There are 2 protein chains.
Amino acid sequence: MSLYTTSSLKAELNERGWRLTPQRETILQVFQNLPKGNHLSAEDLYNELQTDGERISLSTIYRTLKLMARMGILRELELAEGHKHYEINQPYPYYHHHLICVRCNKTIEFKSDSILKIGTKTAQKEGYHLLDCQLSIHAICPTCQRSLMPA
Amino acid sequence: MSLYTTSSLKAELNERGWRLTPQRETILQVFQNLPKGNHLSAEDLYNELQTDGERISLSTIYRTLKLMARMGILRELELAEGHKHYEINQPYPYYHHHLICVRCNKTIEFKSDSILKIGTKTAQKEGYHLLDCQLSIHAICPTCQRSLMPA
DNA sequence: GTGCTTGCAAAATATTTGCAATGGC
DNA sequence: GCCATTGCAAATATTTTGCAAGCAC
């Protein structure tokens with residue numbers, strides 16, 4: 001199921017005075033072919049492309065990721081790893097959320113209709129166009145509660 | 001209203017084999033005296049301390065912020081600015097959340113009991129000890145919707 | 001006294017930017 | 001042809017780390 005075709009991507013870019021380049025098309029491809037629930041960092045994407053024999057510079061990747069996040073094409077995830085991850089932004093959002101242990105970084109993903117409802121309503125009330133909503137729960141996991149280690 | 005006294009902080013540190021140092025006490029002071037709703041980055045805290053004539057190195061600040069976040073004393077905020085912010089973690093949590101424009105970074109804060117309930121329940125179900133929960137809504141604000149600028 | 005903690009400088013990590021060349025429109 | 005975009009290298013920003021000296025326990 002492809003959300004964007006070459007021409008719909010081009011249309012959306014041109015509307016803002018931007019251009020469709022092979023690099024942008026390739027990057028979007030990768031995200032559209034990514035198994036549901038997967039997400040890539042800039043570095044991940046770079047390696048992925050290298051493997052496929054595509055030669056796109058890291059700068060372009062960073063620029064494209066930011067651009068597509070701002071256009072609402074990609075969803076920017078703030079996980080615990082210290083750098084951003086990206087995934088395709090579903091048109092009918094059914095976002096997952098994160099329960100993160102602040103000591104060992106163990107992360108559990110979960111879904112919630114109620115959160116989506118709250119997000120939708122809040123954005124609507126302020127006149128914002130919703131792209132994404134994520135609940136991050138920071139907590140201490142059972143294992144780390146038992147341990148007195150610094151970790 | 002001081003949540004931690006010198007001795008309760010010391011107790012909590014010693015329990016894990018850590019030590020109470022003047023630096024740690026001073027840093028906690030700053031956060032406890034911070035007006036409600038304010039938050040500081042590592043750099044902010046460093047400058048704040050310089051102004052007050054305190055001489056604490058940036059390394060120590062980074063180390064202390066991370067330590068206190070992992071202890072649950074401080075709450076780590078992931079705002080849109082590319083670096084972390086910290087604020088005191090209220091014992092009876094009434095967390096605020098963020099509606100963020102991905103183009104201009106304009107951010108609206110809001111509160112929600114339902115989110116807190118969802119966070120509490122989710123953490124509980126997995127046996128996690130809740131420290132903090134934050135909903136981040138990424139969206140496009142009315143102004144940016146109207147503008148075709150690259151932002 | 002032991003070993004956690006600090007400050008400093010250097011390193012590591014993640015991301016951005018200046019600029020000439022390229023190539024969409 | 002105009003100017004957005006790319007790739008490269010250098011710059012920036014943020015955070016981490018090695019190590020000797022200091023200090024909490």
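The model shown is predicted, which means the values in this text are computed figures rather than measured ones. Residue numbers start from 1 in every chain, and the chains themselves are labelled A, B, ... in the order their sequence lines are given, proteins ahead of strands.
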Give a yes or no answer on whether the side chain of [X] reaches the backbone of [Y] with a donor-acceptor pair at less than 3.5 Å.
X        : Y       : value
A:Arg24  : A:Arg19 : yes
A:Thr64  : A:Thr60 : yes
A:Gln134 : A:Glu76 : yes

*Using a heavy-atom cut-off of under 4.0 Å over every strand shown, decide if B:Glu43 touches base, sugar-phosphate, or nothing.*
nothing
Taking atom [atom2] of [N] as reference, at what distance in whole Å does atom [atom1] of [X] sit?
X       : N      : atom1 : atom2 : result
B:Glu25 : C:dC4  : CD    : C1'   : 17 Å
B:Tyr46 : C:dG7  : OH    : C1'   : 10 Å
B:Asp44 : D:dA13 : CG    : P     : 15 Å
A:Lys84 : D:dT15 : NZ    : P     : 12 Å
A:Arg70 : C:dT16 : CZ    : C1'   : 12 Å
B:Glu15 : C:dC4  : CD    : C1'   : 17 Å

*Report the relative orientation of the aromatic rings in A:Phe110 and A:His97; use parallel for angles under 30°, tilted for 30 to 60°, perpendicular for over 60°.*
tilted
_Pairs where residues 31-40 of chain B contributes a residue and the test salt bridge (Lys or Arg N to Asp or Glu O under 4.0 Å) is met, not counting sequence neighbours_ = none
*Taking atom types as modelled, is there a side-chain donor on B:Glu25 or B:Thr6 under 3.5 Å from an acceptor on the other?*
yes
_Just by distance, no angles: are the side chains of B:Glu12 and B:Asn14 close enough, under 3.5 Å, to form a donor-acceptor pair?_
no
_Using side-chain contact (heavy atoms from CB on, under 4.5 Å), reason through A:Thr122 and B:Leu135 one step at a time and then give a plain yes or no._
CA-CA 11 Å; A:Thr122 306; B:Leu135 183 64; 5.9 Å; no
*Among residues 49-69 of chain A, which contact DNA chain D at a heavy-atom distance under 4.0 Å?*
A:Arg55, A:Ile56, A:Ser57, A:Ser59, A:Thr60, A:Arg63
_Summary of ring-ring contact (aromatic ring centres under 6.0 Å, His included) pairs that have at least one residue in residues 115-140 of chain B, sequence neighbours excluded_ = none
Strictly under 3.5 Å: I want the nitrogen or oxygen pairs between protein and nucleotides 23-25 of chain C, one per line.
unit_1	atom_1	unit_2	atom_2	d
C:dG23	N2	A:Arg19	NH1	2.8
C:dG24	O3'	A:Leu20	O	3.4
C:dG24	N2	A:Arg19	NH1	3.3
C:dG24	N2	A:Arg19	NH2	2.8
C:dG24	N3	A:Arg19	NH1	3.1
C:dC25	OP1	A:Leu20	N	3.0

*For D:dG7, does OP1 or OP2 lie under 4.0 Å from any side-chain N or O of A:Gln23?*
yes
*Per the end-axis method with five pairs at each terminus, what is the bend angle of the helix from C:dG1-D:dC25 to C:dC25-D:dG1, to 10°?*
40°
*Side chain to side chain, B:Thr26 and B:Leu49, heavy atoms closer than 4.5 Å*: yes
_With A:Ser41 via side chain to side chain contact (heavy atoms under 4.5 Å, CB included) - residues at least two apart_ = A:Glu43, A:Asp44, A:His83, A:His85
